[in-house]
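Beneath this line is the structure, given in structure tokens, with notes to follow.
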Amino acid sequence: RSFGLHNITGMLMYMMREYSADALPNRNQGFSGRATYDYDNRYLLEFNFGYNGTERLKHRRFEFFPAVSVGWVASGEKFWAPIAKYVDFFKARASYGLVGSDETGANAGAPHFLYLDEVNMVGGESFASGYSGSERRAGGKVISYATLNPHWERAKEFDVGADLRLFNQINVTFDYYHYKRDRILMKRASFPQILGYDTAVPWSNIGKVDSKGLEFSVNWSKHFNKDLSMDLRFNYTYTRNKYVYIDEPDYPYVWQINTGKSLDHMTGYIADGLFKDQADIDKHASQSSLGSTTIMPGDIKYRDINGDGIITAEDQVVLSDYGWTPRVQYGIGASFTWKKVDFSVFFNGSAKRKIMINNIYPFCANDGNDFNLMKWIADSHWSEGADNSNVIYPRLGVLTTQIGNNMQPSSYWIRNGRFIRFKTLEIGYSFPICRVYFSGDNIAVWSPFKYWDPELNYITYPLSRTFNLGVQFNI
């Protein structure tokens, strides 16, 4: 409804959902609503809410999640007139709200119904009696305990941004966001085994994660004359996160703690090259617990961080603050039209990204996998009696017990995963009755990572490079 310069809208919706991802269906229901108000399309206010319920909880099944956003179209003010020919539109906006999720812990193995104890009547501890001990009786086994005081996972989301248009042809959008997630369901890793939970370690809504980032996009659209036009596009996203709190054991060393670190940080051993000979192995800390029956020349040498003379998991440190998921993603595109000719191109890329390639081991007969021998391994691997000063791959083996030491995550295997991809290209020419065009997809990729497509896992089917020649008829 409109009342002069005042405009209001409203919506109220009821939702009931059932979907089956397993044997039992999952059910949700709730109310949601939205109310908006603006004055003269300059002062904007919006209120949203959700009152949602889940079957995963016994008590407090429903929670209220409100959100509010405000905006100001400053270019609609009288004082904006002197600069309107430069910046003809400018809107500032901000929002804050609560968002809930009842799927918390589901991907980590949490039970669906958090209020139930799950007990298997067989499979527990047993005892033997009788003269020969032949009479054996077994008890039940607790699979999982009901979660005490469970809640919805919650996120406090804040966003501030601006939209503007320059010279009536360049559109710019900027956003900064900061999300604070809490009440994340996770296992109580700080509970020692002496408490007797065995594998039924309790779950609790105790995790906290912070995420922040910015998004920026520019679109420049220009018609020079009736024959020539141009459209340029650029977008950029930067994001980072960290564990504010994660339940952890009482680690003996500070570098083992995950709280305060990013969610996808990489940990592993610091590699100090390859063992040169047996004398080099003898004077180094023992690496006998890392999966290889015998450490040999050509195996990776790891640094003894805690100085106890034995390389164990306690010597693993943070190797990179970011991992497979890129911190930076961007895209660049352009389109041109000149008379009857049109041309468009698009590039996308990622940066601040690392790839760990420690899980590639050809020839192993006892691992259940058949990996092909990649050319870079065949061309550059450690060989006895050869010059191994710059080889890429360590000593080869035919059993995992021969090369288990070399397959550990370490700085030896970390590679820079940034890339820029020539994603699409299209060239066309328009006739009175049709348009003839040539197009290509996944044309090229440039990256310091040379072993396979850096955007994919090495066992993933590669992206197809395709070229098309076609005709579009005007009907």
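Keep in mind that this is a model prediction, so the values were computed, not measured.
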For [X] and [Y], I'd like to know if the aromatic rings sit close, meaning centre-to-centre distance below 6.0 Å.
X: Phe62; Y: Trp152; answer: no
X: Tyr176; Y: Phe174; answer: no
X: Tyr179; Y: Tyr177; answer: yes

Rounded to the nearest 0.5 Å, how far does [atom2] of [Y] lie from [atom1] of [X]?
X: Ile311; Y: Asn405; atom1: CD1; atom2: CG; answer: 9.5 Å
X: Asn258; Y: His265; atom1: CG; atom2: NE2; answer: 4.5 Å
X: Arg240; Y: Asp210; atom1: CZ; atom2: CG; answer: 11.0 Å

- Item | Salt-bridge contact Asp182-Lys180 (side-chain N to carboxylate O under 4.0 Å) | no
- Salt bridge present between Arg93 and Asp175 (N-O < 4.0 angstrom): yes
- Message: Can you tell me how the ring of Trp452 sits relative to the ring of Tyr458, calling it parallel under 30°, perpendicular over 60° and tilted otherwise?
- Response: tilted
- Which word best sums up how the rings of Trp255 and Tyr253 line up, parallel for under 30°, tilted for 30 to 60°, or perpendicular for over 60°? parallel
Within the structure provided, determine whether [X] and [Y] are in side-chain contact (heavy-atom separation under 4.5 Å).
X: Glu248; Y: Ile257; result: yes
X: Ser262; Y: Arg327; result: yes
X: Ile377; Y: Ile392; result: no
X: Phe419; Y: Arg353; result: yes

- Item | Atom of Arg303, atom of Asp272 and distance for their closest heavy-atom approach | NH2-OD1, 2.9 Å
- Which atoms form the tightest heavy-atom contact between Asp264 and Thr325, and what is the distance? OD2-O, 3.3 Å
